[in-house]
Amino acid sequence: MKLAVLTGGGDCPGLNAAIRAVVYRARRAGHTTVGALDGWKGLRDGAFRPLLPSDVVHAVTRGGTLLGTSRTNPFKSEADAAKLLSSVEAAKLDAVIAIGGDDTLSAAREFARRGGKVVGVPKTMDNDVGGTDWTFGFDSASSVAMEALERLRDTAASHHRAIVLEVMGRDAGWVALATGLAAAADYTLLPEEPYREAELASHVRAALAARGCAVIVASEGVDLGAAAGEVGGQDQFGHELLKERGVGAILARRIEELTRVESRSAQIGHIQRGGPPTLFDRILATRLGAKAVDLVTEGKFGTVAVLRGEEIRGIPFDEALARPKRVPAEWMDLLHTFDA
Ligand code: F6P
């Protein structure tokens, strides 16, 4: 078979490991692999590059995606959809492996509905794809945020300040949760919980009284209600660009007003998405990439390779995309056990 692999949506550490696994597993099964450049855009426009094991031999260690990515929605118009289908035919592709988050996988489901032979691989630093226990990219991104919070605590302690670290994650609080838990934040704000200003202020005061500083983690998706800033546009899938809201900066100002404690904020933004993947992400991405090829080889199209417990298995797109994964009450309870 001739396979095309693509990476769509925001990049994250582990994508190259998954691509490498696809290429090697495909070779073992007797398939050839090409890479579609910049996600669905490359598949739609016929932009491909050959992929041999020699092209990806050390890719497991590298961040980003060697294929490039974009947030192109190939089903935005019927003209785009028709172009995509004829490009796949012209390239004589037998199957497509689409690596991405909810948006990329939703496009893959639509491709399957229109007769495309496709298998999905979930990835995202947001960890919000419903059908899988964890997505690769999340562990790496959260590890960067964890280290950032520890650095912020050093300087917050020197100046007796409160510092808010704003992390990505869109509408899911997984990155904020992991950062807050792993780096001992004094308080963490998640999009899944209502904004409780009085509670925030009281935890900041308590931390200042006990340790002379406070470090707070805020997910970019927290709804600050009346205190919220302007929203800065949308991507092709209709998502707000949440970074533009500046939740961290708004919170730092509010903390200063409410507590009179000098406050600062830091937005680590895309720093979370770069750099080499952690061990966990390398292994998960490798297992999922290999499984995707196995699903293709077995003719199990319209499926997504996912992690369930210790096992990697294939599930239908509808099951994988049934509902996005949000932080549940049990995790919130654990998180708030450690509030200052
Ligand atoms: O979905 C991954 C993510 O990093 C989100 O956490 C964030 O809101 C968004 O992508 C940022 O998108 P962009 O890279 O287009 O600015």
Side-chain angles (χ1 to χ4, degrees), residues 6-15 18 38-41 63-65 67-73 76 98-108 120-132 134-146 148-149 165-180 188-192 217-224 228-250 265-275 277-278 281 284-285 320-321 323-327:
L6 66 85
T7 53
D11 70 345
C12 68
L15 286 169
D38 299 335
W40 289 105
K41 184 166 177 281
T65 163
L67 294 176
T69 186
S70 68
R71 296 194 188 277
T72 306
N73 179 356
K76 221 171 176 248
I99 309 174
D102 275 341
D103 295 331
T104 303
L105 297 178
S106 298
V121 173
K123 67 85 214 174
T124 166
M125 62 159 284
D126 301 341
N127 195 38
D128 62 350
V129 178
T132 188
W134 301 101
T135 52
F136 65 80
F138 164 69
D139 189 63
S140 305
S142 303
S143 299
V144 172
M146 173 185 80
L149 194 73
L165 174 66
E166 178 187 321
V167 298
M168 284 183 172
R170 200 158 261 164
D171 303 316
W174 291 103
V175 178
L177 170 93
T179 307
T188 302
L189 294 94
L190 310 178
E192 289 88 349
V217 180
S219 174
E220 63 176 357
V222 169
D223 182 0
L224 297 180
E230 289 293 307
V231 184
Q234 292 187 339
D235 67 22
Q236 278 212 12
F237 288 89
H239 300 297
E240 291 172 17
L241 303 177
L242 293 176
K243 194 166 170 280
E244 305 301 323
R245 275 195 194 165
V247 158
I250 295 171
S265 67
Q267 191 185 49
I268 50 171
H270 294 82
I271 294 171
Q272 290 156 102
R273 292 226 309 251
T278 57
D281 282 343
L284 177 58
L321 295 169
R323 73 195 73 77
K325 189 157 50 113
R326 301 285 183 253
V327 174

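Each ligand, and each atom within it, is numbered from 1 in the order the structure gives. The first residue in the sequence is number 1, and the count goes up from there.
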Go through the steps for D171 and K325 under the test salt bridge (Lys or Arg N to Asp or Glu O under 4.0 Å), then give the verdict. CA-CA 10 Å; D171 303 316; K325 189 157 50 113; over 6 Å; no

Check against salt bridge (Lys or Arg N to Asp or Glu O under 4.0 Å), R273 and D11: CA-CA 7 Å; R273 292 226 309 251; D11 70 345; 2.8 Å; yes

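Between D139 and K123 no salt bridge is recorded (no basic side-chain N to carboxylate O distance below 4.0 Å).
The CE atom of M168 sits 6.0 Å away from the CE atom of M125 when rounded to the nearest 0.5 Å. We find the CD-CZ distance between E166 and R245 to be 9.5 Å, quoted to the nearest 0.5 Å.
For the 3.5 Å distance criterion, the side chains of H239 and D103 qualify, holding a donor opposite an acceptor.
Around ligand 1 you find R71, M125, D126, M168, G169, R170, E220, H270, R273, each with a heavy-atom distance below 4.0 Å.
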